[in-house]
Amino acid sequence: MPATYQTMHEIIIEARRRCDQHTWNYIAGAAETETTLHRNRHCLDRLALRPRVLRDVRSIDTSTTFLGHKLRIPCLLAPIGSLETLTPAGGVAVAEAAAEFGTMNLVSTVTQPTLEEIAAAVDHPKIFQIYIRGDEAWTDELIDRARNAGYAALALTVDSAYYGRRERQLITGWLPPSIRRYGTDLRIHQAGLTWESMDRMRERGGLPFILKGIQTAEDAELALERGVDVIYVSNHGGRQLDHGDGAMETLKEVAGTVGGRAPVVVDGGIMRGTDVLKALALGADVVALGRFQAWALAAGGREMLVRALEIIEGEIRNAMGLIGVSSLGELDGSFVKEATAATQAHELSAFPFLPDHVRRSG
Ligand SMILES: Cc1cc2nc3c(=O)[nH]c(=O)nc-3n(C[C@H](O)[C@H](O)[C@H](O)COP(=O)(O)O)c2cc1C
């Protein structure tokens, strides 16, 4: 029963028990040497919190708003392809968990069931994440379908001109269903994207438009000049370009440039309530959860994802109280400082009490 799980450790152990090696690698793995993945955690580990005291923290509000919608915690559910490999209900399980808990999810172009079925499953604001696997007519139709299905916003992923070299997959010869379904030839359409094609999609959609995968101040500036509504800092959990910087370092650079002109989302290695507070202190408005979400789904579908969100909510509340803030708006750069990392970073290093067979299962 999900309610008996007290920490993410137990959930991850259960996910490992239920996943075959291919599915486990699909969730945990990243590109080539997995250096970007490790840096995501390392950058978080290198930040220390600076708590303030004697500030009456009896009442704590973990909620925020994103694009005008209330979120119970500042954590979106990042888009994940091939969700049907993690839980039979696929994207419906995530949408239902988001609605039940009180947050928003991003629905990947390359997950099952269809975007319409996911939209119809539960009536709460969801975001559609776009990958391009066809020409302009194909793209127009996809955007029209998302708008007609009632999505609240669109997110174009821009860090995926080519598919990252995921060596765990290359070694075993396994590919996720999304790749098997679309093949690799159609990705050429994603590689051909330009700022002009982004403008066209934004206008066609007529919905709040998010660019997911911004990794430099220069591109954040270009996006803002062109009217993008939300800057989403992400290196795709290290699954695309290897040897990029950790997401928290990128966030500092990008949030400084954005300077409050648009909301900033960040993902990459966020596993803990303290991670969430660090990201917000560095200028993010909300974070998104990738592998955290995937492990919970693999461990027990919708119910386990709700439980995992309750656990991170508890961590956020606890950490807010201990650093002396009652609301998220009080967080700023004064609550973090550079420190030395205390652990060797890897995809599971936020969970030091996992048994060896789970930690070394790559
Ligand atoms: C199994 C898996 C599948 C993913 N599929 C997509 C996808 O279809 N579209 C997308 O934009 N990002 C995708 N991502 C990237 C996530 O949206 C997110 O950027 C990343 O997982 C954040 O890092 P984290 O896993 O360390 O939290 C995927 C990530 C994982 C782990």
Side-chain angles (χ1 to χ4, degrees), residues 8 12 15 19 22-31 34-45 75-87 90-91 94 104-112 115 118 127-133 154-161 163-164 166 168-169 174-179 181-182 187 190 193 210-215 232-241 244 246-248 250-251 265-272 275-276 279 284 286-298 308 312 345-351:
M8 271 306 280
I12 290 171
C19 283
H22 295 306
T23 310
W24 181 258
N25 285 344
Y26 174 54
I27 300 173
E34 304 192 343
T35 294
T36 310
L37 164 75
H38 296 165
R39 284 200 177 127
N40 280 344
R41 276 305 315 166
H42 183 67
C43 286
L44 282 158
D45 292 341
C75 302
L76 305 170
L77 299 176
I80 293 186
S82 304
L83 282 167
E84 67 279 9
T85 59
L86 309 184
T87 186
V94 175
M104 291 169 85
N105 57 307
L106 287 89
V107 176
S108 169
T109 300
V110 295
T111 200
Q112 294 287 310
L115 69 91
I118 297 172
I127 300 165
F128 184 68
Q129 177 262 316
I130 304 171
Y131 275 143
I132 303 300
R133 297 288 182 270
L154 299 173
L156 175 66
T157 296
V158 290
D159 57 20
S160 300
Y163 188 61
R166 322 255 169 102
R168 298 193 201 204
Q169 289 175 194
W174 182 88
L175 285 173
S178 57
I179 307 279
R181 193 174 322 121
Y182 284 100
R187 295 189 72 94
Q190 182 89 24
L193 291 181
I210 302 167
L211 274 194
K212 175 175 187 279
I214 294 291
Q215 292 170 79
Y232 187 152
V233 174
S234 173
N235 54 40
H236 217 111
R239 300 163 79 83
Q240 287 299 111
L241 177 69
M248 288 305 122
T250 313
L251 172 65
V265 182
V266 68
D267 72 20
I270 310 267
M271 303 287 167
R272 293 283 187 171
D275 300 336
V276 178
V286 293
V287 306
L289 305 171
R291 291 179 181 83
F292 177 97
Q293 173 196 168
W295 280 316
L297 282 173
I312 202 167
H346 59 88
E347 71 274 17
L348 287 166
S349 56
F351 308 108

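Just so you know, ligand 1 is whichever comes first in the structure, and atom 1 is the first atom listed for that ligand. Quick caveat, the model's predicted, so the values are computed rather than measured.
- Annotation: side chain of Thr36 is not in contact with side chain of Leu241 (no heavy-atom distance under 4.5 Å).
- Protein heavy atom in closest approach to atom 31 (C) of ligand 1: Arg239 NH1, 3.3 Å.
- Taken from CG in Asn235 to CG in Asn40, the straight-line distance is 4.0 Å, to the nearest 0.5 Å.
- Residues His236 and Thr157 meet the side-chain proximity criterion, which asks for heavy atoms closer than 4.5 Å.
- Closest to atom 16 (C) of ligand 1 by heavy atom, among Gly290, Gly237, Ala298, Pro79, is Pro79.
- Residue Arg291 holds the heavy atom nearest to atom 24 (P) of ligand 1 of all those in Met271, Gln293, Lys212, Arg291.
- Checked options Arg291, Arg168, Arg39, Arg239; the residue passing with Glu347 is Arg168 (criterion: salt bridge (charged side-chain N to carboxylate O under 4.0 Å, His left out)).
- Taking every non-hydrogen atom of Ser108 and a distance limit under 4.0 Å, the qualifying atoms of ligand 1 come out as 7 (C), 8 (O).
- Residues Ser234 and Asp159 meet the side-chain proximity criterion, which asks for heavy atoms closer than 4.5 Å.
- Rounding to the nearest 0.5 Å places CH2 of Trp174 at 9.0 Å from CD1 of Ile179.
- Using a 4.0 Å heavy-atom cutoff, Ala294 is absent from the residues neighbouring ligand 1.
- In this structure a side-chain-to-backbone donor-acceptor pair under 3.5 Å is missing from Gln112 to Glu84.
- At a 4.0 Å cut-off, at least one heavy atom of Tyr26 sits close enough to ligand 1 to count as contact.
- Contact atoms of ligand 1 toward Gly81: 3 (C), 4 (C), 5 (N), 6 (C), 7 (C), 8 (O) (distance under 4.0 Å to a heavy atom of the residue).
- Residue contact check: Gly268 has heavy atoms under 4.0 Å from atoms 22 (C), 23 (O), 26 (O) of ligand 1.
- Between Phe351 and Trp295, the ring planes are perpendicular. Angles over 60° get that label, and only those under 30° would be called parallel.
- Only the side chain of Val110 comes within 4.0 Å of ligand 1, judged by heavy-atom distances.
- Residue contacts with ligand 1 include Ile80, since one or more of its heavy atoms lies under 4.0 Å from the ligand.
- Side-chain contact between Ile12 and Leu348 is present, with at least one heavy-atom pair separated by less than 4.5 Å.
- Here's the thing with Asp267: one of its N/O atoms is less than 3.5 angstrom from an N/O atom of ligand 1.
- Residue Ile27 places no N or O, backbone or side chain, under 3.5 Å from any N or O of ligand 1.
- Residues Tyr182 and Thr109 are in side-chain contact: their nearest non-hydrogen atoms beyond the backbone lie under 4.5 Å apart.
- Considering only heavy atoms from C-beta on, Val94 stays 4.5 Å or farther from Thr111 through its side chain.
- Less than 4.0 angstrom separates some heavy atom of Ser234 from each of these atoms of ligand 1: 19 (O).
- Where the criterion is an N or O separation shorter than 3.5 Å, residue side chain and backbone included, Gln129 meets it with respect to ligand 1.
- Between the side chains of Tyr232 and Gln129, no donor-acceptor pair is found at a separation under 3.5 Å.
- In Tyr131, the part holding a heavy atom less than 4.0 Å from any atom of ligand 1 is the side chain.
- At least one N or O atom of Gly269 sits closer than 3.5 Å to an N or O atom of ligand 1.
- At the top of the distance list for atom 11 (O) of ligand 1, counting protein heavy atoms only, stands Thr157 OG1, 2.8 Å.
- Where the criterion is an N or O separation shorter than 3.5 Å, residue side chain and backbone included, Ala78 fails it with respect to ligand 1.
- When only non-hydrogen protein atoms are considered, atom 15 (C) of ligand 1 lies nearest to His236 CD2, 3.4 Å.
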